[in-house]
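Data first, discussion second: the structure below is written as structure tokens.
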Amino acid sequence: MVTSFLAKFELYYDAHEIFTEVPELEGKFIKKRIWAWVEKKGMRKAKKLYTVNESVAVFLQEKYGRKFDVIMNVPELKYQKETNENRLTQQGALNKGRGLKELIKAMGKIDMPLKIAGSGDIENELKTLVADLNLTDKVTFFGKLLPKDLEQITQRSILGSKFIR
């Protein structure tokens with residue numbers, strides 16, 4: 001049924017991560033199996049396969065035996081020397097397995113503030129960690145932002161990161 005349905009469309013598969021391996025699916029055997037099945041069926045029928053970097057491309061090529069082209073998910077470089085501030089910016093999903101707890105713990109040894117934009121299932125846990133480590137003066141949570149607002153915050157930072165698994 002799915003195969004005949006998919007045959008009606010020209011499919012392009014765009015893998016932003018190795019989805020069946022994300023921490024959110026740990027211990028969820030049935031959901032993981034369903035997504036693995038959907039992924040496998042979709043990849044078989046897709047005209048072209050894309051992903052975000054070489055390491056993910058190699059992993060998926062070895063797993064599925066099809067070539068993946070890489071399109072890096074990076075913003076256009078915009079340099080604004082006069083507005084850069086001595087701070088770090090993290091943007092993206094606040095989920096398990098993305099190194100966010102380690103980043104916050106490291107802020108105790110780094111002499112600059114951290115701005116965090118995004119939300120996710122460990123957001124409250126991260127806020128509690130910041131409070132427990134007495135880092136509320138160094139770590140700011142913005143929550144979800146519109147792209148134009150996020151761009152302004154990121155451009156002012158000397159180092160920014162968007163985690164992609």
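None of these values were measured; they are calculated from a predicted model.
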Hey, what do you get for [atom1] ([X]) to [atom2] ([Y]), rounding to the nearest 0.5 Å?
X	Y	atom1	atom2	result
Lys96	Asp121	NZ	CG	9.0 Å
Leu49	Asp14	CG	CG	10.0 Å
Ile34	Phe29	CD1	CZ	10.5 Å

Beyond-backbone contact of [X] with [Y], side-chain heavy atoms, under 4.5 angstrom:
X	Y	value
Phe141	Val130	yes
Lys105	Leu133	yes
Tyr64	Arg44	no
Gln91	Lys115	no
Leu94	Ile116	yes
Phe68	Met43	yes
Leu103	Leu114	yes
Thr20	Arg33	no

Inset, instruction - Under the side-chain hydrogen bond (donor to acceptor under 3.5 Å, both in side chains) rule, collect the residues that match up with Lys127, sequence neighbours excluded. - result: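 For Lys127, the residues satisfying side-chain hydrogen bond (donor to acceptor under 3.5 Å, both in side chains) (neighbours in sequence not counted) are Glu123.
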Inset, instruction - For Lys67, check side-chain hydrogen bond (donor to acceptor under 3.5 Å, both in side chains) against everything at least two apart and list the hits. - result: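 Testing Lys67 for side-chain hydrogen bond (donor to acceptor under 3.5 Å, both in side chains), a comparison that skips the adjacent residues, returns Asp69.
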Nearest heavy atoms of [X] and [Y], plus distance in Å:
X	Y	answer
Met107	Pro113	CE-C, 3.9 Å
Glu125	Lys101	OE2-NZ, 2.5 Å
Leu145	Asp149	CB-CB, 4.4 Å
Ala117	Leu150	CB-CD1, 3.6 Å

Inset, instruction - Determine, using the 4.5 Å side-chain heavy-atom cutoff (strictly less than), whether Met112 and Val139 are members of one ILVMFWY cluster. - result: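 Same hydrophobic cluster.
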Inset, instruction - Check the pair Val70, Val52 against side-chain contact (heavy atoms from CB on, under 4.5 Å), reporting the backbone distance first and the verdict last. - result: CA-CA 6 Å; Val70 173; Val52 294; over 6 Å; no
Give a yes or no on whether the backbone of [Y] and the side-chain of [X] come within a donor-acceptor separation of less than 3.5 Å.
X	Y	result
Lys32	Gly27	no
Lys138	Ile110	yes
Lys45	Lys41	no

Over 12 non-hydrogen atoms of neighbours within 6.0 angstrom of [atom1] in [X]:
X	atom1	answer
Asn124	CG	no
Ile30	CD1	no
Lys31	NZ	no
Asp132	CG	yes

Legend entry - Residues forming a salt bridge (Lys or Arg N to Asp or Glu O under 4.0 Å) with Lys40, sequence neighbours excluded: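 Expected list: none.
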Inset, instruction - Apply the test side-chain contact (heavy atoms from CB on, under 4.5 Å) to residues Lys48 and Arg66: give CA-CA distance (whole Å), side-chain angles for both, the deciding distance (0.1 Å), then the verdict. - result: CA-CA 9 Å; Lys48 291 285 281 180; Arg66 292 210 43 209; over 6 Å; no
Legend entry - Step-by-step side-chain contact (heavy atoms from CB on, under 4.5 Å) determination, Ile122 to Arg98: CA-CA 11 Å; Ile122 64 166; Arg98 297 180 185 246; over 6 Å; no
